[in-house]
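Residues: numbered from 1 along the sequence shown.
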Amino acid sequence: MKNEQNNEPTRLDFIRELISDCRYDDAMELLGIAMDDEPDNVDYNYELARIFMEMGNYASAVSNLELVLEKTQSSLLYFMLGEAYQADEQLDKAIGAYLKANTLNENFPFAYKKLGMLFMARGDMESAREYFEDYLKLDIAEDEKDSVKKILERI
């Protein structure tokens with residue numbers, strides 16, 4: 001979002017540009033300064049969570065995403081939280097986050113597939129089948145449907 005008065009990029013625009021250029025240290029430095037002024041800023045915490053995910057610091061990503069979710073909720077944010085939990089090997093919490101993503105948006109396909117995969121990894125083939133079948137009912141690419149159908153054939 002640009003500053004309307006002088007058409008200059010905002011601090012958040014600049015931080016996002018640094019992140020897109022993989023300049024995480026610079027972005028984190030600016031986020032630190034910005035968060036001194038606004039520690040509860042949802043956008044800053046979200047961007048910090050993104051950086052932590054990229055850097056493999058999943059526990060910190062979880063902390064920042066949880067702060068964001070206290071202020072605003074969306075299926076995408078819960079999906080990201082599930083990804084962070086899964087990467088941090090907290091599978092029960094990952095499942096909970098993916099389930100919350102589905103609760104907020106029943107047409108959000110990515111969480112269904114993740115749930116199918118996690119339940120399959122746990123050996124709960126009945127639940128895995130249920131989530132994969134629900135996934136197939138959604139608007140997804142044909143090649144993706146084919147790969148999930150192959151998974152279903154194996155379980």
Side-chain angles (χ1 to χ4, degrees), residues 1-2 9-28 30-31 40-155:
M1 172 174 8
K2 301 235 184 273
T10 65
R11 181 179 353 195
L12 187 58
D13 289 331
F14 188 61
I15 290 167
R16 288 178 174 155
E17 188 66 31
L18 290 171
I19 294 168
S20 70
D21 289 342
C22 300
R23 295 176 54 195
Y24 303 130
D25 290 337
D26 293 336
M28 286 181 73
L30 283 179
L31 280 167
D40 294 329
N41 182 297
V42 170
D43 292 320
Y44 296 155
N45 279 289
Y46 172 78
E47 296 304 334
L48 196 53
R50 286 182 50 211
I51 292 170
F52 285 136
M53 285 293 289
E54 288 294 324
M55 296 176 73
N57 186 342
Y58 305 117
S60 294
V62 164
S63 295
N64 284 90
L65 287 167
E66 287 175 342
L67 285 171
V68 171
L69 285 162
E70 287 175 10
K71 307 262 188 235
T72 184
Q73 297 189 353
S74 75
S75 55
L76 180 59
L77 286 171
Y78 276 105
F79 180 79
M80 287 179 64
L81 182 62
E83 293 285 276
Y85 279 135
Q86 186 177 349
D88 201 34
E89 298 181 17
Q90 297 182 58
L91 300 186
D92 289 339
K93 289 183 177 183
I95 288 171
Y98 293 137
L99 288 169
K100 185 69 175 178
N102 280 354
T103 300
L104 291 174
N105 181 354
E106 292 178 357
N107 295 314
F108 188 70
F110 311 109
Y112 286 98
K113 184 176 182 184
K114 286 290 188 166
L115 285 163
M117 299 299 282
L118 287 176
F119 282 116
M120 191 170 80
R122 286 182 147 183
D124 183 349
M125 299 307 173
E126 185 177 326
S127 294
R129 177 175 293 285
E130 177 184 330
Y131 284 103
F132 284 134
E133 287 173 350
D134 288 344
Y135 178 67
L136 289 174
K137 294 175 189 172
L138 300 173
D139 186 22
I140 56 175
E142 284 303 315
D143 61 334
E144 181 66 14
K145 285 183 181 183
D146 292 341
S147 72
V148 171
K149 286 176 185 176
K150 289 176 185 173
I151 292 170
L152 283 169
E153 289 171 7
R154 288 188 299 220
I155 56 176

*Considering residues, nucleotides and ligands other than D25, do more than 12 of their heavy atoms fall under 6.0 Å from its CG?*
no
*asked:* As a quick check of understanding, evaluate salt bridge (charged side-chain N to carboxylate O under 4.0 Å, His left out) for R50 and E47, giving each step before the final call.
replied: CA-CA 5 Å; R50 286 182 50 211; E47 296 304 334; 2.5 Å; yes
*Is there a donor-acceptor pair closer than 3.5 Å between any side-chain N or O of S63 and the backbone N or O of A59?*
yes
*D88 side, atom CG; N57 side, atom CG - distance, nearest 0.5 Å*: 8.5 Å
*Drop me the distance from L104's CG to L76's CG, to the nearest 0.5 angstrom.*
11.0 Å
*Under the side-chain contact (heavy atoms from CB on, under 4.5 Å) criterion, do L99 and Y131 qualify, and how do the steps go?*
CA-CA 10 Å; L99 288 169; Y131 284 103; 3.1 Å; yes
_Contact summary for L69 and S74, nearest pair of heavy atoms_ = CD2-N, 4.4 Å
*Between the main-chain N or O of F52 and the side-chain N or O of Y24, is there a donor-acceptor pair closer than 3.5 Å?*
no
*How far apart are the C-alpha atoms of L136 and K149, what are their side-chain angles, what is the distance that settles it, and do they pass the side-chain contact (heavy atoms from CB on, under 4.5 Å) test?*
CA-CA 8 Å; L136 289 174; K149 286 176 185 176; 4.0 Å; yes
*Is any side-chain heavy atom of R129 closer than 4.5 Å to a side-chain heavy atom of E126?*
no
*Kindly compute the distance separating CZ (F79) from CG (N102), expressed to the nearest 0.5 Å.*
10.0 Å
_Shortest non-hydrogen contact from A128 toward G116_ = CB-O, 3.4 Å
*asked:* Check this for me: F108, atom CZ, are more than 12 non-hydrogen atoms of other residues, nucleotides or ligands nearer than 6.0 Å?
replied: yes
*Check: Y112 ring centroid to F132 ring centroid under 6.0 Å*: no
*Walk me through it: do D134 and L115 pass the test side-chain contact (heavy atoms from CB on, under 4.5 Å)?*
CA-CA 11 Å; D134 288 344; L115 285 163; over 6 Å; no
*asked:* Could you measure the distance from the CE atom of M28 to the CG atom of L18? Nearest 0.5 Å is fine.
replied: 12.5 Å
*Check against salt bridge (charged side-chain N to carboxylate O under 4.0 Å, His left out), R16 and D13*: CA-CA 5 Å; R16 288 178 174 155; D13 289 331; 5.0 Å; no
*Pairwise side-chain contact, L31 with I51, heavy-atom cut-off 4.5 Å (strictly under)*: yes
*Do other residues, nucleotides or ligands put more than 12 heavy atoms under 6.0 Å from the CE atom of M120?*
yes
*Looking at A94 and Q86, what are the two nearest heavy atoms and their distance?*
CB-N, 3.7 Å
*How many angstroms lie between NZ in K71 and CG in L77, if you round to the nearest 0.5 Å?*
14.0 Å
*Is it the case that Y58 and E89 place a side-chain donor and acceptor less than 3.5 Å from each other?*
no
_Within a 6.0 Å radius of atom CD on E106, are there more than 12 heavy atoms belonging to other residues, nucleotides or ligands?_
no
_Y78 side chain near Y98 side chain, heavy-atom distance below 4.5 Å_ = no
*Test I95 against Y85 for side-chain contact (heavy atoms from CB on, under 4.5 Å), laying out the working first.*
CA-CA 9 Å; I95 288 171; Y85 279 135; over 6 Å; no
*Please round to the nearest 0.5 Å and tell me the distance separating atom CD1 of I19 and atom CG of D26.*
11.0 Å
*P109 versus L138, closest heavy-atom pair with distance*: CA-CD1, 3.5 Å
